[in-house]
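To start, the structure under review is shown below, and the notes come after it.
No hydrogens, no waters, no symmetry mates; every other heavy atom, side chains included, goes into these values. The structure presented is a predicted model; accordingly, all values stated were derived computationally and were not measured.
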Amino acid sequence: QVQFVESGGGLAELGGSLRLSCTAPGFSLRGYAIGWFRQAPGKEREGVSCSSSGVVDTSYADSVKGRFTISRDNAKNTVYLEMNSLKPEDTAVYYCAANLMRSRCITTMTSHEYAYWGQGTQVTVSS
């Protein structure tokens, strides 16, 4: 059974930075669009960023544009989410998953297109 593994979360101060990692033991991320989502307490899961398969093609939610950067290292089979200028509203559990319906990212990320969700990694930003 494929399951993604997220890591790198933790506690950050307002304006701080964290780098999240997403990997999938025994499963190649190369052929899939990979998305990062987040879910804050009492809120729905929302798409944060997506990295397309095979091309340098990414998308970001408006709330994180200019602050977050998604990237891939195919040799390490890992997708990263670099988060800078963190705000308290970025506090959430962050998840990564593979898009099974399309290989290219689109602006609107819908969770039902994604699979192989991990357990998530908690990000907490203090003010």
When you measure from the side chain of [X] to the backbone of [Y], do you find a donor-acceptor pair of N or O atoms at a distance under 3.5 Å?
X      : Y      : value
Arg67  : Ser85  : yes
Arg72  : Leu29  : yes
Ser103 : Ala33  : no
Ser59  : Thr107 : no
Thr91  : Val125 : yes

With a 4.5 Å cut-off on side-chain heavy atoms, are [Y] and [X] touching?
X      : Y      : value
Met83  : Asp90  : no
Leu100 : Tyr116 : yes
Glu46  : Met109 : no
Leu86  : Leu18  : yes
Arg38  : Arg45  : no
Cys50  : Trp36  : no
Cys105 : Thr58  : no
Ser28  : Asn77  : yes

Q) Is Leu20 reachable from Phe4 through a run of hydrophobic residues whose side-chain heavy atoms are each under 4.5 Å from the next? A)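 Same hydrophobic cluster.
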Q: Assess the side chains of Thr78 and Asp73: does a donor N or O sit below 3.5 Å from an acceptor N or O?
A: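 The answer is no; no qualifying pair exists.
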Q: Determine the interplanar angle of the Tyr94 and Phe68 rings, folded into 0 to 90°, and report it as parallel if under 30°, tilted if 30 to 60°, perpendicular if over 60°.
A: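 Rings of Tyr94 and Phe68: tilted, as their planes differ by 30° to 60°.
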Q) Does the separation of the ring centres of Tyr95 and Tyr114 fall below 6.0 angstrom? A)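 Not under 6.0 Å, so no.
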